Amino acid sequence: MSTPSLLILPGDGIGPEVMAEVVKIIDWYGDKRGLNFDVSMDLVGGAAYDKHGVPLADETMAKAHEVDAVLLGAVGGPKYDVLDFSVKPERGLLRLRKELDLFANLRPAQCFDALADFSSLKKDIVAGLDIMIVRELTSGIYFGEPRGIITEGNERVGINTQRYTESEIRRVAIAAFELAMKRSKKLCSMEKANVMESGILWREVVEEVAKDYPEVAVSHMYADNGAMQLVRAPKQFDVIVTDNLFGDILSDCAAMLTGSLGMLPSASLGAPMANGRPRAMYEPVHGSAPDIAGQGKANPIACILSFAMALRYSFDEGAEATRLETAIEKVLADGVRTADLLGEEGATPVTTSEMGDKIIEALNASL
Ligand code: IPM
Ligand code: MG
């Protein structure tokens with residue numbers, strides 16, 4: 001196969017800083033493991049707006065269609081709050097997800113041993129936690145029509161529509177069942193079938209798909225109860241499948257169980273391309289954190305772990321993904337911490353780029 005191609009879109013805020021560390025890791029794989037990537041860089045979000053007047057240029061969208069995987073940093077910032085909704089930085093990200101049809105968003109929440117004390121929950125509740133949230137990413141209330149702000153009589157009305165077709169539910173359910181088969185064969189589906197018709201359909205379709213996976217133990221939970229259970233006893237879960245909006249909220253909640261939003265990667269996967277690889281975009285779950293941007297304070301681990309997911313899901317390099325994850329585990333076990341991972345009276349944190357260097361050192365030691 002030809003050299004795999006990557007499109008890197010660092011974006012806004014801390015995006016460029018954390019992505020710079022990923023680039024170091026990519027270079028390391030080229031130098032030390034003979035794993036070369038054909039890398040191109042482009043703009044997304046506010047950075048793209050500043051140059052092109054839109055949060056994602058058509059040429060960038062076209063490039064995203066051509067590459068084997070997209071790596072995205074983060075989008076958004078207060079500077080862009082005043083922009084019209086249609087050109088806000090987030091629209092760039094949503095366009096990528098929608099046009100690449102990346103319907104299955106994998107958000108693993110794993111608690112590293114070295115950080116178990118750092119969670120806002122008690123250590124025994126989170127130690128060893130390893131769950132995978134599969135969030136539907138291209139439909140639901142994020143994209144449903146009708147939408148907008150209209151005037152009715154003498155007042156304005158804000159409208160969004162939760163809409164799911166059977167096939168949209170089925171394909172993300174299949175992705176979740178396939179993952180469950182590779183993990184501990186346990187799947188919990190979350191919706192609000194008690195108040196939403198789309199939730200009733202969601203539950204029915206998940207049950208239909210379940211018939212093809214008799215080995216998987218399936219359960220259903222109302223999403224509000226799911227939020228409560230995630231903080232009460234998160235280890236009861238393995239794979240969770242849910243819709244776009246519930247998945248957005250539940251994954252932030254799950255992320256925080258692990259100690260810091262700065263640790264959580266994600267993979268957004270679509271249908272296979274002609275070369276057999278899935279359409280894919282990888283991004284940290286955290287946002288652009290404008291309050292700390294440009295200060296070297298950001299934690300690059302979520303973004304680096306997102307590249308590890310790319311190695312595993314796009315490039316069939318599971319062993320190299322594990323090598324990278326193990327290097328990160330080692331660095332954390334050695335007590336290396338960025339500012340987000342320090343307690344109140346913690347020691348001196350390392351900078352974003354020092355964290356990247358430490359991870360490279362651990363990678364070198366792994367050879
Ligand atoms: C996420 C983010 C995005 C979302 C925003 C930035 C549009 O919160 O990826 O979770 O709501 O999906
Ligand atoms: Mg979110």
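This structure is a prediction, so every number in the text was calculated from the model and none was measured. Read the numbers this way: they start at 1 and go in the same order the structure lists the ligands and their atoms.
Shown are D42, D68, D58; of these, the salt bridge (Lys or Arg N to Asp or Glu O under 4.0 Å) with K63 is made only by D42. Each of L115, T258, L257 was checked for a side-chain contact (heavy atoms from CB on, under 4.5 Å) with V126, and the lone residue meeting it is L257.
Remark: R33 fails to qualify as a cation-pi partner of F315 under the 6.0 Å distance and 45° angle criteria applied to the six-membered ring.
Around the Mg ion (ligand 2), protein N, O or S atoms at less than 2.8 Å comprise D248 OD1.
The main-chain N or O of I301 is found under 3.5 Å from a side-chain atom of N299 such that the two form a donor-acceptor pair. Proximity of a side-chain donor or acceptor of R171 to a complementary backbone N or O of G270 within less than 3.5 Å is not detected. Between the side chain of T352 and the main chain of A298, a donor-acceptor pair closer than 3.5 Å is present.
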Which protein N or O atoms sit under 3.5 Å from any N or O of ligand 1? Give each pair with its distance.
residue: ligand 1; atom: 8 (O); partner: D248; partner atom: OD1; Å: 3.3
residue: ligand 1; atom: 9 (O); partner: R97; partner atom: NH2; Å: 2.7
residue: ligand 1; atom: 9 (O); partner: R107; partner atom: NH2; Å: 2.7
residue: ligand 1; atom: 10 (O); partner: R107; partner atom: NH1; Å: 3.1
residue: ligand 1; atom: 10 (O); partner: R107; partner atom: NH2; Å: 3.1
residue: ligand 1; atom: 10 (O); partner: R135; partner atom: NH1; Å: 3.3
residue: ligand 1; atom: 10 (O); partner: D248; partner atom: OD1; Å: 2.8
residue: ligand 1; atom: 11 (O); partner: Y142; partner atom: OH; Å: 2.5
residue: ligand 1; atom: 12 (O); partner: R97; partner atom: NH1; Å: 2.8
residue: ligand 1; atom: 12 (O); partner: R135; partner atom: NH1; Å: 3.3
residue: ligand 1; atom: 12 (O); partner: R135; partner atom: NH2; Å: 2.9
residue: ligand 1; atom: 12 (O); partner: Y142; partner atom: OH; Å: 3.4

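Y80 and D12 are not linked by any side-chain donor-acceptor pair at a separation below 3.5 angstrom, with hydrogens and angles left out of the test. T322 and R312 share a donor-acceptor pair across their side chains, judged by distance under 3.5 Å alone.
Linking Ile, Leu, Val, Met, Phe, Trp and Tyr residues whenever their side-chain heavy atoms come within less than 4.5 Å places L35 and Y282 in a single cluster.
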